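Notes for the one structure printed next.
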There are 2 protein chains.
Amino acid sequence: MKNLTLKQLRYFEALARHGHFGRAADACSISQPALSVQIKELEESLGTPLFERSPRHVRLTSFGESFAGRARTILQSVDELGEMARAARGRLYGRLRIGVIPTIAPYLLPKLISHLDEAHPELDVHIRETVTPRLIDELSDGQIDVAIVALPVSEPWMTEVPLFDESMVLVRHESQAELPVPSPDALRAMRLLLLEEGHCFRDQALSFCNIQTAVPREGLDGSSLSTLVQMVGAGIGVTLIPEMAIPVEGRAAPVCVDRFTGKEPSRTVGMIWRKTNPLAHQFDALCDIVRKSGQL
Amino acid sequence: MKNLTLKQLRYFEALARHGHFGRAADACSISQPALSVQIKELEESLGTPLFERSPRHVRLTSFGESFAGRARTILQSVDELGEMARAARGRLYGRLRIGVIPTIAPYLLPKLISHLDEAHPELDVHIRETVTPRLIDELSDGQIDVAIVALPVSEPWMTEVPLFDESMVLVRHESQAELPVPSPDALRAMRLLLLEEGHCFRDQALSFCNIQTAVPREGLDGSSLSTLVQMVGAGIGVTLIPEMAIPVEGRAAPVCVDRFTGKEPSRTVGMIWRKTNPLAHQFDALCDIVRKSGQL
DNA sequence: AATTCTTCATAAGATGAAGTTATCGTAACA
DNA sequence: TGTTACGATAACTTCATCTTATGAAGAATT
């Protein structure tokens, strides 16, 4: 006993509508015998007749009528499926899960989300904020689609696309505004407040100052840039923040912000995703949106 | 660009569930390449990928997930369609439209409907009560499925099945109970009340008395047997009714009921339906139920 | 009553879709 | 650096489906 096919349902629907094999076959762009055979096979596979044939009319049986109702619903759902696919074709669709590291998230997301909302109003954006290694794990097992981090991450199974470079700037207590900007080496001698272990921004700051990361440091690590800046405002030390954070953090405490002279320290912000993700092309478009959001 | 098939949806569902081409193919009882090809064609026909393939996992894309939801619904509806067919296979199903002539309906239907309810509780029985020629018309253009009438009707495109024979009996005013039962010829001289034009029972009565149907008669035709019997009860004349009507009409007025002696007049009650109706076999079973209901 | 028309069913052959086995390429793993 | 696991691809086979041609049967026509 063979199986029901969508084709048969389509043919059936046409015949139910036209009540005439020839015209229904025309409507389906097939020959009349082809339709006859398919209807016959449909009836056989159901084990019960759908039509009453007489030389004059072709009429649905009572069962045929119930069948027609449901068949139409099904065909419609299938067509909607096609519609849905057409709508989704080649664009971001449905749920998009973005991971962002904490030294970027608060400064980038407000703009990014409003831009995304504008470009893809139907998109369901989820945000995950955590440190790079964890983002990479979650990327790896499919919990998120893309991540915005500091490059490089150098995972061979990932695509990484640079978005923009960004300087790191010095934050001192406002009382020190007149003092000259210290060199990296001078900085090493100062009380430099850093994010806790795990944040890549901490490592970048340390490497700028040529400090061995292995050496244990005094217990003054903050859990967010915001915390660090507040501590600087309280006169406890100095810290580094990315340019992006200036508009927010530079006003939030009695501090002054200065660029370094000479070779400025910087980080590259970029987006990463699984190479195997078939939405790669759409992600390129996403990069453009993120870039726009990252501009001050 | 080819068309979506149910097969593809089934394969897709399996792959979404197993996340593994080999195992999904097993589940579908086909080879892995066959599955690969079908999934590929499905994705191509949709114009957008459904899965992200990596050597480790096969994962649904975000679009794939929405697609899977709807696909499952569709597959389920299709299976229900099969279920429905299996339930309906070879039995009366859904709506059954029965036509009955007025000289049978009130005496047969109460029993018939309760028997039908018992045998086919899910059956949706519709009743149409009118005279034979009209029933034949309605049968012809599919407004009813079967009709219960007096045979023969002799339409070549119909099947007619006799159900039972039934005598016609004489109804007189109770004051005449002691008088002998008149012969047909004697009857002709009496005031014989008949149904109005169009009822076959009228013609049967006339032919029993050898009265020319063409001859116009006094304007005393009733629109139902019940009316006729009430008139007899009022002493206006005599009438004939079928046996079946005795239990109801014999008690409803001051009348007496007598069988004719010698050759009793009778009619054959039978069921008719379009020869082309594929439910013919089920209708035979229906005949049995009607026969049972017709027994006193 | 014979004939023609209409319409659906059936048959035979052609075409196309879908399945099979065999094999390859690639990334992960030891 | 082989080895393994897995999906993609290719060549071929099988089966489903379509087309054209034809048959059968009732309705309409003459």
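These numbers come from a predicted model, not from an experiment. Throughout, protein chains are lettered first and strands after them, A, B, ... in sequence-line order, and every chain is numbered starting at 1.
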Calculate the interatomic distance between A:Glu44 atom CD and D:dT17 atom P; express it in whole Å. 13 Å
Going by salt bridge (Lys or Arg N to Asp or Glu O under 4.0 Å), name the residues that satisfy it together with A:Asp79, two or more places apart in sequence or in a different chain. A:Arg10
Between P on D:dT17 and CD on A:Gln8, what's the gap in Å once rounded to a whole number? 7 Å
So, is A:Arg53 close to the C:dT7 phosphate, meaning a side-chain N or O under 4.0 Å from OP1 or OP2? no
List the residues meeting salt bridge (Lys or Arg N to Asp or Glu O under 4.0 Å) with B:Asp26, not counting sequence neighbours, and say none if there are none. none
Quickly work out the B:Arg10 CZ to C:dA18 P distance and round it to whole Å. 15 Å
CG of B:Leu81 to OG of A:Ser66, rounded to nearest 0.5 Å, is 10.0 Å
Between D:dA8, C:dA18, C:dT7, spot the one nearest the side chain of B:Thr5, thanks. C:dA18
Please, which pairs that meet ring-ring contact (aromatic ring centres under 6.0 Å, His included) have at least one residue in residues 30-54 of chain B, sequence neighbours excluded? B:Phe12-B:Phe51
Donor-acceptor pair between A:Glu41 and A:Ser45 side chains, under 3.5 angstrom: no
Nearest whole Å is fine: how far is D:dG7 C1' from B:Arg59 CZ? 15 Å
Donor-acceptor under 3.5 Å (B:Arg97 side chain, B:His126 main chain): no
In whole angstrom, what separates B:Asn3's CG from C:dA17's C1'? 13 Å
Would you mind reading off the distance between B:Leu6 atom CG and D:dA16 atom P, rounded to a whole angstrom? 16 Å
Output yes when at least one side-chain N/O atom of A:Lys7 is less than 4.0 Å from OP1 or OP2 of D:dC18, else no. yes
Side chain to side chain contact (heavy atoms under 4.5 Å, CB included) with B:Pro278: which residues, sequence neighbours excluded? A:Pro49, A:Glu52, A:Thr61
Please determine whether a side-chain nitrogen or oxygen atom of A:His20 lies at a distance below 4.0 Å from atom OP1 or OP2 of C:dC8. yes
Take atom CG of A:Asp26 and atom P of C:dC8, then tell me their distance rounded to the nearest Å. 12 Å
Where along residues 27-43 of chain A does a heavy atom fall under 4.0 Å from DNA chain C? A:Gln32, A:Pro33, A:Ser36, A:Lys40
For nucleotides 25-30 of chain C, read 5' to 3', which letter fits each nucleotide if B means a protein heavy atom sits under 4.0 Å from the base, S means only the sugar-phosphate is that close, and - means neither? --SSS-
Any N/O pairs under 3.5 Å between the protein and nucleotides 13-16 of chain C? List them or say none.
none

I'd like to check the salt bridge (Lys or Arg N to Asp or Glu O under 4.0 Å) partners of A:Asp124; sequence neighbours left out, ordered by chain and number. none
Across all chains, not counting sequence neighbours, the side chain to side chain contact (heavy atoms under 4.5 Å, CB included) partners of A:Ser31 are A:Pro33, A:Ala34
Under 3.5 Å, which donor-acceptor pairs do the side chains of residues 68-75 of chain B form with other protein atoms, sequence neighbours left out?
unit_1, atom_1, unit_2, atom_2, d
B:Arg70, NH1, A:Glu80, OE1, 3.4
B:Arg72, NH1, B:Glu13, OE2, 2.8
B:Thr73, OG1, B:Gly69, O, 3.0

Please name all residues satisfying side chain to side chain contact (heavy atoms under 4.5 Å, CB included) with A:Ser140, sequence neighbours left out, ordered by chain then number. A:Trp157
How close or far is atom C1' of D:dG7 from atom CZ of B:Arg23, stated in whole angstroms? 13 Å
Across the strands shown, which category fits A:Tyr11 at heavy-atom distances under 4.0 angstrom: base, sugar-phosphate, nothing? sugar-phosphate
Sequence-distant partners of A:Arg86, side chain to side chain contact (heavy atoms under 4.5 Å, CB included), two or more places apart: A:Glu83, A:Arg89
